[in-house]
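Reviewing the structure listed below.
Throughout, protein chains are lettered first and strands after them, A, B, ... in sequence-line order, and every chain is numbered starting at 1.
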Amino acid sequence: MDKIYDHTKVEEKIYKQWEEGGYFQPEINPTGKPYSIILPPPNANGDLHFGHAMFVVEDILIRYHRMLGDAALWLPGTDHAGTETQFVFEKKLQAEGKSRFDYNRQELFDMIWKYVGENQGGIEKQLRRLGFSLDWSRQKFTLDPDIVAIVKDTFRKMYNDGLIYRDYRLVNYCTRDGTSFSDLEVVHEERVNPLYYIKYGPLTLATTRPETKFGDTAVAVHPDDKRYTEYVGKEIEIETVLGKAKIQVIADESVDPTFGTGVVKITPAHDFADFETGRRHHLAMKQVIGFDGKMNHYAGEFEGLYVKQARAAVVEKMKQLGLLVKVDEQYVSRIGVCYKCKTILEPLPLEQWYVKVKPLIENANKAVDEKLVKIYPQGFVHTLKLWYAGLRDWNISRQNVWGIQIPVWYEIAQEKDFSVSFIDSEKKHMSGQLDEILKTHSWEEIENGLQKVVAPITAKIVFEDQKEKNKKYLPETDTFDTWFSSGQWPYVTLKTSKPGDFEKFYPTSVMETGYDILKAWVSRMLMLGLYVANGKHVTDTKQLEKTVPFRDVVLHGLVNDPLGKKMSKSKGNVVNPLEVADQYGADTVRFALVYGTGLGNDQAMSYAKLDAARKFTNKLWNMARFLEMKKPEGMGSIQSLSLHQLEGFAISQPDKDMVEEVKRFAKEITEYLEKYQFNLAAERLYEFSWHTFADKYIEDVKSRVDTNSYTVLANIYTILLELLHPFMPFVTEEIYSQMGIGDKPLIVTSWPK
RNA sequence: GGAUCUGUAGCUCAGUUGGUUAGAGCGUUCGAUUCACAUUCGAAAGGUCAGAGGUUCGAAUCCUCUCAGGUCCACCA
């Protein structure tokens, strides 16, 4: 054996042996009981980061269960990451002087498909590099045709069950990326937003958004506010930047009489609170800002200005007209911005698809309350339930092409109600009302170059196979929120991987992921998973227990930079786990990540910990070298004995004691793993191997080696290798093979009991 | 504003049903060794477990409050 353990000579070779041996497939233990984990699918277009490296926890569980003799399946896959990937691709287009408006849907989709394809395999290579024993023969992608078909089918079932509906509501809309976002995707930032006090006839009100005044359909005060009682229910005459107008005054509980003047302008089309108020009072919606972020015809002379420009111009005009009472220039408020491009999100009214969350949440809560699904660490149960409690219906429409198209068609009853944008035969980007467009362009031209269809909320909705020959239809051009498809991940992967997988491995045993996506992802899997697996909404507890997507949820923490700051590309403090693995070895990285951090807690990436883990790897290696050296003459290969068999060889008292101690130790490690206390397992393994086995026991046996004591010594070491294998698979396997222990690779030996 | 997590040796962190002298890695100091160990071994110093109060025979661990930091959520114009 080499004097020093050199991971560069070992890891690739060993991984290949494992894979070629078929050890990553559950079929290796054909009669074992099923144990399954679905890998949280990384972005197919992305790179491995430390968050993914934490999936080592899953590998530990899978390797442990494989050694227990279970049919252990760890299924890999990747996610198309709709918004994210399209954003990256559009940036690339931009760099080439192009934009997505230069292409029709199909062209754009194909280009992104090709682009992702070129980067494909990157993630896979990286996951292999860390020694993850994933069953690559079952790898899935969220845009695999069979998966897409199921996701679309789920939509149809839910629509027919009344769990999905279309509504005209405000969305968080990024006018730069041209798409809406779910509440969860909105980033709130504090910004200085001057508060303008504006004269509205006899009243004065305060607003941060004077440019939306063209869309005001009421003015509201608190019902108990005596100052304004005389106006409530009446129409007042006001002077505006566009001349005289009339507006009604309403009373609504939501108005805070202590803020500003206690008077609020109600702009239902451009403010979430006003939208709700508007619905309560049946106010008209007047959209004055377009999806391009510019003022429309309602803004009169301000038409065509961007929101920011319009605000300045309107304020200026109000000054001239003496309508501006005062300005609080220092007013700070929190506003929603696009999480990718940081553009201020406009609340805009749009027809969108919504999931009715209430019935789904009831089941998800039941699953958690009745422990059909257990969450570790337990504290996150509370987080999840609180989130469910406040959840509003889920907007699943995204105006991206990179995704799964919502599979509905709109019947064209009145062409004037529809608007379309498309690339015409001269490669020009066109958009407008359908009836106008049809005067200059043919139907085929529109269909072929289609980019986006906006259908009225009243449009008749059909599925592909329900279309009638003599009618005209246009498809929904929106795609699903990525979480709508990944929310069905355990179901769709097992349904499409290999025949019988679903029946055998669903519900999955463990869902392990970072706590940061508990709400975005785990919550959605619970909501959708129960529905999808039943094909309908069920409430029977017994049935729910059989159809939960996973039994246990295990949540790991984040890996921050060495200074404890969150790693991010913009901060430039990202450390690539593969570079660290190149330098230290995969085993070392794995051990360092697990050691010394409790489940669910964040950790700072620590070079000190890596150094310690590397020394430990080397220590293990040297124990093996010592054993090789001290091997009594004429002894054959080391047989792998069970703890029970070993008792027969322990004759001297110290040997007997040691065998007893190892028995307890193995049990201890097993218990830690069963309770997902990986850090404690790693710490005990380290402590015992080094300070009990090496420092004390080896030192003791040194002076009295004979065939018997050597057999005990070597077998205890073997047991250590077995217990350590899930944590440090490469070095333990290499030692096992070099020492010629046993007749099969370590990865498929039995867990010490 | 709501919720949640964290605050333990110089640094990074373990310590999961409350129980004897509170642990590890790195760092520091002293000694040994180069006989498996780009070393390793032995030993040492170093903590009023953020602070205050409470429950208990007993609290780093449970409760209350305070302080500090992080994260998530939230329609105050």
Side-chain angles (χ1 to χ4, degrees), chain A residues 1 3-6 170 172 183-184 186-188 193 195-198 205-210 212 216 219-220 254-256 258-267 270-277 331 333-336 347 376-380 382-387 389-392 515-520 557-558 560 562-566 592 595-630 671-672 675-677 679-680 682-684 686-687 690-691 694-696 698-699 702:
Chain A
M1 288 175 85
K3 201 165 176 210
I4 309 276
Y5 172 64
D6 182 359
L170 294 197
N172 302 293
D183 296 342
L184 208 59
V186 176
V187 176
H188 293 272
N193 254 339
L195 187 63
Y196 301 94
Y197 287 74
I198 305 169
L205 56 77
T207 180
T208 53
R209 303 214 53 188
T212 62
D216 293 355
V219 167
S254 69
V255 179
D256 176 0
T258 65
F259 184 90
T261 59
V263 185
V264 190
K265 70 191 200 64
I266 303 297
T267 322
H270 296 289
D271 183 282
F272 288 101
D274 293 0
F275 177 83
E276 297 294 332
T277 310
Y331 186 73
S333 61
R334 290 177 69 81
I335 49 165
Y376 302 85
Q378 248 181 340
F380 286 108
H382 190 59
T383 312
L384 182 67
K385 290 184 65 87
L386 269 175
W387 188 70
L391 193 62
R392 291 183 290 181
Y515 69 77
D516 54 326
I517 52 172
L518 171 69
K519 286 180 255 194
L558 310 178
N560 293 322
L563 296 173
K565 298 267 179 260
K566 200 167 178 169
Y595 183 96
T597 304
L599 189 65
N601 285 342
D602 295 349
Q603 63 177 311
M605 212 213 91
S606 157
Y607 288 101
K609 219 151 84 171
L610 283 165
D611 282 334
R614 177 168 54 186
K615 280 185 187 166
F616 181 51
T617 315
N618 201 48
K619 184 77 183 176
L620 284 175
W621 185 258
N622 274 292
M623 293 177 203
R625 288 188 67 214
F626 174 80
L627 283 172
E628 288 283 86
M629 263 172 211
K630 293 289 175 178
E671 279 167 8
Y672 283 141
K675 289 194 274 184
Y676 305 119
Q677 295 173 327
N679 60 319
L680 297 183
E683 284 154 34
R684 270 298 275 149
Y686 177 95
E687 203 272 333
W690 200 315
H691 300 301
D695 291 351
K696 299 212 170 67
I698 288 185
E699 290 303 319
K702 250 182 196 176

Mind listing the N/O atom pairs, protein and nucleotides 75-77 of chain B, below 3.5 Å?
| residue | atom | partner | partner atom | Å |
| --- | --- | --- | --- | --- |
| B/rC75 | OP1 | A/R392 | NH2 | 3.3 |
| B/rC76 | N3 | A/D256 | OD2 | 3.1 |
| B/rA77 | OP2 | A/Y331 | OH | 2.8 |
| B/rA77 | O2' | A/A206 | O | 3.4 |
| B/rA77 | N6 | A/D256 | O | 2.5 |
| B/rA77 | N6 | A/F259 | O | 3.1 |
| B/rA77 | N1 | A/D256 | N | 3.2 |

For atom C1', what is the distance between B/rU39 and B/rA32, given to the nearest Å? 13 Å
For A/D256, enumerate each residue passing the salt bridge (charged side-chain N to carboxylate O under 4.0 Å, His left out) test, keeping only those at least two apart in sequence or located in another chain. none
Looking across every strand, which nucleic acid part, if any, lies under 4.0 Å from A/N601 by heavy atom: base, sugar-phosphate, or nothing? sugar-phosphate
Qualifying residues under side chain to side chain contact (heavy atoms under 4.5 Å, CB included), relative to A/T207, sequence neighbours excluded: A/I198, A/L205, A/R209, A/P210, A/K265
Could you tell me which residues satisfy side chain to side chain donor-acceptor pair (under 3.5 Å) with A/D516, sequence neighbours excluded, listed by chain and number? none
Between B/rG10 and B/rG53, how many Å separate the two C1' atoms, rounded to a whole number? 31 Å
Reading RNA chain B 5' to 3', what string of ( ), [ ], | and . shows its pairs, if Watson-Crick and G-U wobble pairs count only when both distances fall under 3.5 Å? ((((((((.[[[[.)...(...]]]].(((((.......))))).....[[[[[..)....]]]]])))))))....
Treating primed atoms plus P, OP1 and OP2 as sugar-phosphate and everything else as base, which nucleotides of nucleotides 25-40 of chain B get B, S or - for protein heavy atoms under 4.0 Å? SS---------BBB-S
Sequence-distant partners of A/E687, side chain to side chain donor-acceptor pair (under 3.5 Å), two or more places apart: A/R684
Need one value for A/L558: base, sugar-phosphate or nothing, where a base atom within 4.0 Å counts as base even if backbone is also close, heavy atoms only. nothing
Using the P atom in both, what is the distance from B/rC62 to B/rC49, to the nearest Å? 15 Å
Minimum heavy-atom separation for A/Y595 to A/K609, with atom names? O-NZ, 2.9 Å
Measuring only the C1' atom in each nucleotide, how far is B/rC65 from B/rU17? A whole number of Å is fine. 26 Å
Among residues at least two apart in sequence or on other chains, which ones pass ring pair (Phe, Tyr, Trp, His ring centres under 6.0 Å) with A/F616? A/F591, A/Y686
With the side chain counted from C-beta on, respond yes when A/N618 and A/R614 share a heavy-atom pair under 4.5 Å apart, and no when they do not. no
Checking A/K385 now: which residues fulfil salt bridge (charged side-chain N to carboxylate O under 4.0 Å, His left out) with it, not counting sequence neighbours? A/D369
Tell me every residue that passes side chain to side chain contact (heavy atoms under 4.5 Å, CB included) with A/D602, counting only those two or more places apart in sequence or in another chain. A/Y515, A/L558, A/N560
Touch check for A/E687, heavy atoms < 4.0 angstrom, all strands: base, sugar-phosphate only, or nothing? nothing
Separation between the P atoms of B/rG19 and B/rC63, rounded to whole Å: 15 Å
With sequence neighbours excluded, tell me which residues meet side chain to side chain donor-acceptor pair (under 3.5 Å) with A/Y676. A/D552
Kindly write out the residues that satisfy side chain to side chain contact (heavy atoms under 4.5 Å, CB included) with A/N601, not counting sequence neighbours, or none if the list is empty. A/T597
